[in-house]
Every structure is written in C-alpha cells, then in structure tokens.
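See below for the structure under consideration.
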Amino acid sequence: MLMTSSVYPNFKTHFSELFAQAAHAVAPPDTAIRIELTRTKQANHGDYSCNLAMQLAKSLHKNPRDVANLLIEALPPSPHLDKVEIAGAGFINLFLKNSAKQQYLQYVLQSKEAYGHSQFGQGKKVQVEFVSANPTGPLHVGHGRGAAFGASLANVLAAAGFNVLREFYVNDAGRQMDILTLSTWLRYLELNDIHIPFPQNAYQGEYVKTMAQLIYEAHAQRYRHHPDLLLDDLPESTRETAINTDEQLDKLIANAKKILGEDYAYIHNFVLTEQLGDCRNDLMEFGVEFDVWFSEQSLFNNGLVARAIELLQSKHYLYQQDGATWFRSTDFGDEKDRVVQRENGQFTYFASDIAYHLNKFERGFDQVINIWGADHHGYIPRVKGALQALGLDPAKLEIALVQFAVLYRDGKKAPMSTRSGEFVTLRELRNEVGKDAARFFYVMRKSDQHLDFDLDLAKSQSNENPVYYVQYAHARVCSVLAQWDGNFDELVQLPHANAEELSSPAELALLQKLIDYPDTVEMAAKEFSPHIVAFYLRELAGEFHSYYNSTRFLVPEIPVQHARLALIASIRQVLNNGLKLLGVSAPDKM
RNA sequence: GCGCCCAUAGCUCAGCUGGAUAGAGUACCGCCCUCCGAAGGCGGGGGUCGCACGUUCGAAUCGUGUUGGGCGCGCCA
C-alpha cells in the first residue's frame with residue numbers, strides 16, 4: 001500500500017500544467033502567459049474551461065478559435081481526459097472521464113478528516129491575531145463576528161497548509177483598565193455605605209457590581225476609605241452631581257491609586273483576572289481557542305516599548321511638540337502625525353502597538369494577520385508606517401477588516417449602545433440561538449460586508465434555517481448508514497470496483513462537487529474568505545437532498561448499493577470537514 | 001470637507017484576478033410522504049447588476065465622474 005492517505009490528484013493543477021506546456025509550444029518564448037482554469041457552470045461546457053486561446057489571440061495575430069486548435073494539438077495527453085472541445089468565442093472545454101471522478105470516492109473515504117487539506121501554504125508561519133477585546137466587560141455581538149471570522153479563517157489557513165498561530169492581544173495596561181478598576185472600587189464602596197455619585201463615563205454594567213460583591217465577600221471592609229480623600233482636588237459639585245469629564249475621571253483614578261497604595265494593584269489584578277477568565281470561557285464555549293494570550297503590560301515590563309521608541313528616535317522619525325512626542329507617520333502616507341508619548345509622560349496605545357508589532361515581526365512569522373473592526377481602518381496607515389520606519393516589510397502585515405453585525409428581531413433592529421451598558425452580549429446570543437447557528441450566521445457573509453443577523457431565522461428549527469439545512473444532510477446520511485447492516489471498512493475498499501455504477505448526471509455532479517472541495521478551501525484561504533466554505537456546504541447539502549429524494553440507496557443490487565453508500569458516505573465526510581472549519585457541529589441525529 | 005468600504009430579484013446576499021443564457025436562500029403560487037428522516041424535494045413567476053461616460057473581441061466585474069448609504073478623521077482604545 002503505497003498510497004498516502006492525504007494525497008489525491010488535483011485536476012485543476014494538472015490541467016494548468018498541461019496548458020502551460022502547450023502555451024510554450026505555441027507562443028513565442030517572451031509571451032506573458034497566465035493560465036486560468038475555471039469550473040464550468042453548464043454541463044455541456046464540460047468540467048473545466050480555459051480561456052488561454054482568447055488571451056493569446058491578439059499577440060499571435062490569429063483568431064481565437066485557430067489558437068485554440070493549435071493549443072489542443074500541443075496539449076500533452078492526460079489519462080483523466082475524455083474529450084476536449086472548442087466552444088463559443090474560443091473557450092477550450094475539458095471533459096473529465098467518468099472514471100476520473102469516480103475514483104475520487106476512495107480518496108475521500110481514505111483521507112477522512114484530512115480530505116480537503118492541501119500544501120498551498122507550504123508550511124509558512126502565519127499569525128492570526130483576533131478578538132483582542134479590552135478585558136473591561138463582556139464580549140458583545142460585534143466581538144462575536146470577529147471571533148467567528150478569525151477562528152474560521154485560522155482553521156481554513158491551517159487546512160490549506162499554513163502553520164497557524166492564534167493570538168489574543170490583552171489590553172491590560174491602559175486607561176480603560178484603570179477606569180474599570182475604579183468603577184469596581186466605587187461599587188465596592190457603595191456596598192460599604194459610602195456613596196459618591198457614580199461617574200457617567202465609568203463602567204455602568206451589572207458585572208461591575210458583581211465583581212464588587214465578590215471583593216466585599218472576600219475582604220469585607222479592607223478597601224474602605226473616606227470619600228473626602230477620594231474627592232480631593234475635585235470640584236465641590238462632584239459630591240452631588242456625577243462626574244462626566246475625562247479630566248475629572250482621571251483625577252479620580254489618581255486619587256484612588258494614592259489612597260489604595262498597593263491595594264490598587266490587587267483590585268486591578270482582580271478585575272483583570274475576572275474579566276479575562278470570563279472572556280476565555282465565553283470564547284471556549286463559542287468554539288474559539290487561542291495559542292497565545294499576549295499581555296500589553298509585558299511590553300512595558302520587558303522594555304520593548306522603550307526599545308521601539310528609541311529605535312524610531314535613532315532613525316529620526318520622532319519629534320517633540322506641545323510637550324508630547326510625535327511619530328512622523330505622514331512620511332508614510334498617513335493623514336497626520338501621531339502622538340506616541342503624551343504630555344503627561346504616558347505612552348499612547350499606539351506606542352505599545354508599535355512595540356507589539358515589532359515583537360510579532362521578531363518572532364519570525366512569514367505573515368502576520370490582524371483582524372480588526374472596520375471602524376479601525378483609519379489606524380492602518382500609521383501601523384504600516386511604523387513598520388516601515390522600523391525597517392520592516394509592511395507587506396507581511398495583512399489587516400482584515402470585519403464590518404459590524406446588526407441584530408434584527410421581529411424584523412426590527414435590536415438596540416445596541418456600548419456606553420449605556422445596553423448591548424447584546426455574545427453569551428446572550430449563544431444562549432438564544434445556539435453556538436452552531438451563531439457561528440454559521442457570522443461567516444455566511446463576506447467579512448467586509450455589513451451583516452444583518454436575523455435572530456428569528458437563526459433560532460427557527462425549520463427549513464428556512466441554513467445551518468439546519470446543512471446539518472440535516474449530514475444527519476440523513478448517518479441515518480441511512482445506520483440502517484445498512486454492512487461493514488463500513490469494506491465500503492471504503494469497495495468503491496474502486498463499483499464506482500462505475502455512479503453514472504447518472506446527479507451522481508457525476510455530486511462527485512465533481514466533492515472534487516471541488518480542496519480547491520474551495522484553498523480559495524477561502526487565499527482570499528481570507530471563510531464564507532466561501534459556508535456557501536459551498538449549502539450547495540453540497542442541496543445537491544445531496546435532491547439526490548436523496550430522487551434515488552434509493554439501500555437497493556438489492558449490492559454493487560449499486562455499495563457505490564451509492566460510498567458516495568453519500570463521502571458527502572458526509574466532506575460536510576463534516578467543512579463544518580468543522582467553521583466551528584459548527586455535525587450531528588448524527590437532530 | 002478629506003479618506004476608506006458598500007450599492008445585484010420584494011427582502012437577505014453570492015458572483016468581481018474581465019468571459020458563454022447574472023445565481024442562491026427567503027417571500028409568493030402549484031405539486032410530492034403505501035418509499036432510506038417532509039428540518040426534504042420538484043415546478044412557476046420575479047432583474048435597466050444605483051446612474052452616466054470610458055477601456056475592449058467581450059464589463060455586474062476594470063477606470064473616471066455622479067447619486068445614495070456605512071465608517072473613520074483625539075495627547076481614546
């Protein structure tokens with residue numbers, strides 16, 4: 001048995017090579033040749049089509065159909081080809097032998113989970129950084145889309161032969177964490193009967209009170225302090241009216257740090273651990289896991305921020321103005337220069353981001369992929385600019401933008417506003433529609449397209465729901481195979497002998513669909529578009545359902561029966577593999 | 001005002017490295033369970049691919065302009 005389970009012929013690649021040879025024979029050596037093979041839409045156009053003749057017609061000063069004839073004459077023979085035809089303006093249409101399609105069943109059944117994997121990525125090291133939400137509250141449905149997209153993309157890249165590292169960047173250093181710490185402490189003080197008006201621009205959510213309660217239960221009054229100390233240096237009015245300016249909130253934070261001393265770090269650490277744990281747990285239940293949780297604070301602790309800034313300094317890309325330190329990002333096409341160190345000495349988020357990206361590049365990835373919300377697109381030029389300034393190649397950084405998701409319930413927009421604390425969390429969404437529907441709906445759309453998320457549709461256990469449609473196809477195959485009393489291992493060996501029984505148009509189309517799967521995964525990886533896999537699965541499920549309704553599988557003639565069972569078992573395998581890439585389960589029963 | 005993204009069937013969207021008659025789901029209408037799961041299938045109507053020019057053998061796809069919508073233009077993250 002010489003065959004390796006994950007090796008199977010790729011017809012597209014195979015024919016491309018043949019056409020390349022033919023082109024060299026027909027065209028002058030210096031002709032620019034781009035071999036393009038497409039799957040045809042109509043059966044009478046064959047299985048694959050090539051437009052090379054039309055491309056070459058002009059430079060060869062011949063009409064396309066004549067060029068096509070020359071190309072066909074020069075085309076080396078292929079054992080997989082039944083016939084070649086010229087059609088239309090000069091398309092060369094290729095017809096596969098039925099046996100070429102039929103033999104694919106054994107590749108699918110023997111490769112199992114590995115079917116669809118390819119060497120496209122050549123083992124290149126790729127980092128995918130996604131979600132990276134501030135650990136200052138629950139993930140909401142916007143993060144959910146980034147999570148679903150990032151996880152699916154990472155899976156698709158891995159299947160296409162990339163060496164993928166999944167990373168979450170933890171913003172544990174910034175002002176937002178201080179605000180959360182302060183918010184929690186204020187709620188804690190309330191539990192100790194110390195009341196000052198809760199700042200409007202602090203975190204309002206119930207989860208803050210929950211954390212305060214936990215601290216109170218564990219440490220009682222240990223962190224209780226007199227309100228006068230807290231409001232020191234703040235206007236008299238703040239005793240009666242809630243703070244709503246950034247300056248006053250910062251003052252409050254500074255006071256809290258002064259009063260609490262080392263205890264501040266405890267509360268800070270407590271809320272961080274709580275939120276991060278909650279986030280990790282939430283994502284795990286969503287089927288999203290990370291290899292690395294990268295701490296922003298560590299960039300400061302390890303001196304990386306200082307080093308990055310010094311590096312820019314030494315290359316003269318920094319200057320002082322108005323007491324702040326600026327990076328000359330306009331040198332690299334940005335709209336304006338950007339502050340890296342504020343007047344008050346604090347580094348900006350951008351500063352640690354420069355250090356983070358420097359670190360990413362020093363880790364030696366062939367490609368670094370950031371998945372951001374589309375509202376951050378204005379941030380791209382400065383980050384790429386910083387990389388260039390550091391002497392790094394910005395082309396290695398790919399930024400995939402994910403547009404917002406808008407929830408619809410009863411045909412109306414569900415209200416969402418982060419600040420007021422009125423937002424739908426990812427957890428609520430999962431509880432309402434389930435993990436599978438949420439994952440599938442999130443990646444059903446192109447990522448750079450706004451997503452209208454129909455909650456009622458996602459919840460409905462009916463034929464309208466595309467998730468169930470695909471899963472149902474899988475369950476149906478399982479059901480048939482469960483009623484068959486044969487040995488599955490035999491089935492895996494048999495189709496080679498019996499596959500010629502599969503010769504109806506529906507069966508040949510299904511076989512071709514299975515053959516298309518590895519190309520589909522490769523395309524999804526190349527285009528950073530997992531939605532391609534979702535569409536493919538719906539089409540495959542559709543063709544299967546149609547086949548199911550037209551053909552009986554458990555027929556008395558054993559060769560026919562086995563051939564058909566091998567076909568639907570292969571379909572099941574591909575459905576399973578594809579759903580897995582999207583983080584959706586493939587149930588045996590529903 | 002400047003920059004980025006988007007506009008395709010009533011609705012939600014594929015298709016976009018230029019290719020053959022522009023597709024799917026949904027909604028609407030009509031059929032199919034003595035038969036492996038009807039959460040399924042079959043059939044039908046439904047289009048100026050926002051608009052206008054341009055590039056070419058060929059444009060939903062590329063370019064320019066224009067209209068309409070989203071987002072971004074902080075010493076926030």
Side-chain angles (χ1 to χ4, degrees), chain A residues 34 36 38 40-42 44-45 49 51 54-55 57-58 63-64 87-91 93 132-134 136 171 174-177 179 246 296 321-326 333-336 338-353 373-381 401 403-404 406 408 411 444-446 448-454 457 460-473 475-484 526-527 529 531-532 534-536 538-539 541-542 544-555 561 564-565 568 589-590:
Chain A
R34 197 181 75 248
E36 206 173 299
T38 48
T40 54
K41 291 169 195 153
Q42 293 173 65
N44 63 328
H45 291 157
S49 176
N51 65 1
M54 288 178 284
Q55 282 184 55
K58 198 164 198 178
N63 89 54
F91 293 99
N93 293 334
S132 300
N134 273 336
T136 51
N171 297 118
R175 178 165 174 270
Q176 295 305 317
M177 274 309 298
I179 298 174
D246 282 352
E296 180 187 5
Q321 189 182 306
D322 303 328
T325 306
W326 298 70
D334 199 4
E335 292 172 344
K336 50 174 292 191
R338 308 291 174 176
V339 171
V340 289
Q341 190 169 20
R342 289 191 251 167
E343 196 178 357
N344 66 8
Q346 289 258 311
F347 285 104
T348 59
Y349 177 89
F350 180 42
S352 38
D353 234 20
D375 53 330
H376 285 63
H377 75 257
Y379 201 74
I380 297 173
L401 297 176
Q403 294 281 352
F404 288 126
V406 182
Y408 283 82
M444 244 179 3
R445 299 281 172 261
K446 253 185 331 199
D448 60 2
Q449 195 81 255
H450 284 269
L451 171 67
D452 287 345
F453 197 119
D454 186 336
L457 180 61
S460 76
Q461 306 212 345
S462 75
N463 51 359
E464 305 166 359
N465 194 326
V467 190
Y468 288 105
Y469 187 77
V470 177
Q471 290 181 320
Y472 183 50
R476 263 185 155 176
V477 176
C478 291
S479 176
V480 174
L481 289 174
Q483 285 165 62
W484 173 61
K526 198 188 299 182
E527 304 286 323
S529 297
H531 78 275
I532 293 174
F535 275 89
Y536 170 89
R538 220 160 57 168
E539 286 165 14
F544 165 74
H545 285 310
S546 179
Y547 180 52
Y548 181 95
N549 275 285
S550 69
T551 312
R552 261 193 88 73
F553 310 137
L554 296 172
V555 292
Q561 184 200 76
R564 289 178 182 169
L565 290 177
I568 65 169
K589 289 185 192 135
M590 295 173 67

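What you see is a predicted model; the values in this text were computed from it and never measured. Every chain is numbered from 1 and lettered A, B, ... according to where its sequence line falls, protein lines coming before strand lines. For the numbers below, each heavy atom of this structure counts, side chains included, while hydrogens, waters and symmetry mates do not.
- Of the candidates B:rG70, B:rA20, B:rU12, the closest approach to any side-chain atom of A:Asn93 belongs to B:rA20.
- If A:Gln42 and A:Arg175 are placed on RNA chain B by their nearest nucleotide, the residue sitting closer to the 5' end is A:Gln42.
- With P as the reference atom, B:rC57 and B:rG50 are 25 Å apart, rounded to whole Å.
- Taking 3.5 Å as the limit, the base of B:rA20 and the side chain of A:Ser49 contain a donor-acceptor pair of atoms between them.
- For B:rG41, the OP1/OP2 oxygens have a side-chain nitrogen or oxygen of A:Tyr469 closer than 4.0 Å.
- Taking 4.0 angstrom as the limit, A:Arg34 places none of its side-chain polar atoms (N or O) nearer than this to OP1 or OP2 of B:rG19.
- Straight-line distance between the C1' atoms of B:rA14 and B:rU61: roughly 13 Å, to the nearest whole Å.
- The side chain of A:Ala324 sits closest to B:rC75 out of B:rA20, B:rA38, B:rC75.
- Relative to the side chain of A:Phe91, the nucleotides B:rA77, B:rG19, B:rU12 differ in distance, and B:rG19 lies closest.
- Checked by atom type and distance alone, the side chain of A:Thr348 pairs as donor or acceptor with a backbone atom of A:Val339 at under 3.5 Å.
- Spacing of P atoms, B:rA7 relative to B:rA60, comes out at 15 Å, to the nearest Å.
- The phosphate of B:rG58 has neither OP1 nor OP2 within less than 4.0 Å of any side-chain N or O from A:Lys58.
- B:rU8 and B:rG25 have their C1' atoms separated by 15 Å, with the value rounded to a whole Å.
- Ring-to-base geometry does not place A:Tyr548 in a stacked arrangement with B:rC36 (centre distance under 5.5 Å, plane angle under 30° required).
- The shortest distance between side-chain heavy atoms of A:Thr40 and A:Phe91 does not fall below 4.5 Å.
- For B:rC71, the base adopts the anti conformation, since its glycosidic angle falls more than 90 degrees from zero.
- Among the nucleotides B:rG72, B:rG74, B:rA20, the one closest to the side chain of A:Ala87 is B:rA20.
- In this structure, A:Leu451 places its CG atom 16 Å from C1' of B:rC5, rounding to the nearest Å.
- A:Glu296 and A:Ser352 form a side-chain donor-acceptor contact under 3.5 Å, judged by distance and modelled atom types alone.
- For B:rG37, the OP1/OP2 oxygens have a side-chain nitrogen or oxygen of A:Gln483 closer than 4.0 Å.
- Summarising the base pairing, B:rG47 is matched to no nucleotide, lacking a Watson-Crick or G-U wobble pair whose two defining distances lie under 3.5 Å.
- Protein atom CZ of A:Arg342 is 15 Å distant from nucleotide atom P of B:rG74, rounded to whole Å.
- If you take CZ of A:Arg552 and C1' of B:rG37, they are 12 Å apart, rounded to a whole angstrom.
- Here B:rC42 is the nucleotide among B:rC42, B:rU12, B:rC75 with the atom lying nearest to any side-chain atom of A:Ser546.
- Under 4.0 angstrom from either OP1 or OP2 of B:rC13 there lies no side-chain N or O belonging to A:Arg538.
- The base-pairing partner of B:rG1, taking Watson-Crick or G-U wobble contacts with both distances under 3.5 Å, is B:rC73.
- One atom, CD of A:Glu539, and another, P of B:rG41, lie 14 Å apart when rounded to the nearest Å.
- When rounded to the nearest whole Å, the span between CG of A:Asp375 and C1' of B:rG69 equals 17 Å.
- Within the 4.0 Å cut-off from OP1 or OP2 of B:rA14, at least one side-chain nitrogen or oxygen of A:Gln449 is found.
- What separates CG of A:Asp448 from P of B:rC13 is a distance of 12 Å, to the nearest Å.
- In the interface, the side chain of A:His377 is paired with the base of B:rG3 through a donor and an acceptor atom under 3.5 Å apart.
- Here the side chain of A:Ala475 is nearest to one of B:rC42, B:rG37, B:rA77, namely B:rG37.
- Using a 30° and 60° split on the angle between ring planes, A:Tyr547 and A:Phe553 fall in the tilted class, from 30° to 60°.
- When distances are taken from the side chain of A:Gln176 to each of B:rC76, B:rG37, B:rC5, the shortest belongs to B:rC76.
- Comparing the P positions of B:rG44 and B:rU26 gives an interatomic distance of 16 Å, to the nearest angstrom.
- Here B:rG37 is the nucleotide among B:rG37, B:rC36, B:rG41 with the atom lying nearest to any side-chain atom of A:Met590.
- Applying the Watson-Crick and G-U wobble criteria (two distances, each under 3.5 Å), B:rA14 pairs with nothing in any strand.
- With hydrogens and angles ignored, no donor-acceptor pair closer than 3.5 Å exists between the side chain of A:Asn51 and the base of B:rA20.
- Under the stacking criterion of a centre-to-centre distance below 5.5 angstrom and an interplanar angle below 30°, A:His45 sits stacked against the six-membered ring of B:rA20.
- When rounded to the nearest whole Å, the span between NZ of A:Lys446 and C1' of B:rC13 equals 9 Å.
- Both A:Asn171 and A:Gly542 lie near RNA chain B, and the one whose nearest nucleotide falls closer to the 5' end is A:Gly542.
- Although no hydrogens or angles enter the test, the distance criterion places no donor-acceptor pair under 3.5 Å between the side chain of A:Arg342 and the main chain of A:Val340.
- Among B:rA77, B:rG37, B:rC75, the nucleotide with an atom closest to any side-chain atom of A:Trp326 is B:rC75.
- Comparing the same atom, P, in B:rG63 and in B:rC4 gives a spacing of 12 Å after rounding to whole Å.
- At the phosphate of B:rA38, OP1 or OP2 sits under 4.0 Å from a side-chain N or O atom of A:Arg476.
- Taking only side-chain nitrogens and oxygens, A:Ser550 never comes nearer than 4.0 Å to OP1 or OP2 of B:rG41.
- At distances below 3.5 Å, at least one donor-acceptor pair connects side-chain atoms of A:Gln561 with backbone N or O atoms of A:Val555.
- Taking atom C1' in both B:rG10 and B:rG47, the straight-line distance is 12 Å, to the nearest Å.
- Comparing B:rA52 with B:rA59, their C1' atoms sit 15 Å apart, to the nearest whole Å.
- By the 4.5 Å heavy-atom criterion applied to side chains, A:Asn134 and A:Asn171 are counted as neighbours.
- Remark: C1' of B:rA77 and CG of A:Asp246 are 12 Å apart, rounded to the nearest angstrom.
- Panel note: side chain A:Asn465, backbone A:Val467; a donor-acceptor pair is recorded below 3.5 Å.
- Heavy atoms of A:Asp322 sit under 4.0 angstrom from at least one base atom.
- Both thresholds, 5.5 Å between centres and 30° between ring planes, are not jointly met by A:Phe535 relative to the base of B:rA14, so the two rings are not stacked.
- Out of B:rC36, B:rG19, B:rA14, the shortest distance to the side chain of A:Arg445 is found at B:rA14.
- For the pair A:His376 and B:rC76, the criterion of a side-chain N or O lying under 4.0 Å from OP1 or OP2 is not met.
- Contacts of A:Met444 with the nucleic acid, taken as non-hydrogen atoms under 4.0 Å apart, are absent.
- Pairing for B:rC42 goes to B:rG30, judged as Watson-Crick or G-U wobble with the two contacts each under 3.5 Å.
- Look at B:rA7: its Watson-Crick or wobble partner, with both distances under 3.5 angstrom, is B:rU67.
- In terms of modelled atom types and a separation under 3.5 Å, the side chain of A:Arg564 and the main chain of A:Arg552 share a donor-acceptor contact.
- The closest side-chain heavy-atom distance from A:Leu401 to A:Asp375 is not below 4.5 Å.
- A:Lys589 has no side-chain polar atom (N or O) that falls below the 4.0 Å cut-off from OP1 or OP2 of B:rG37.
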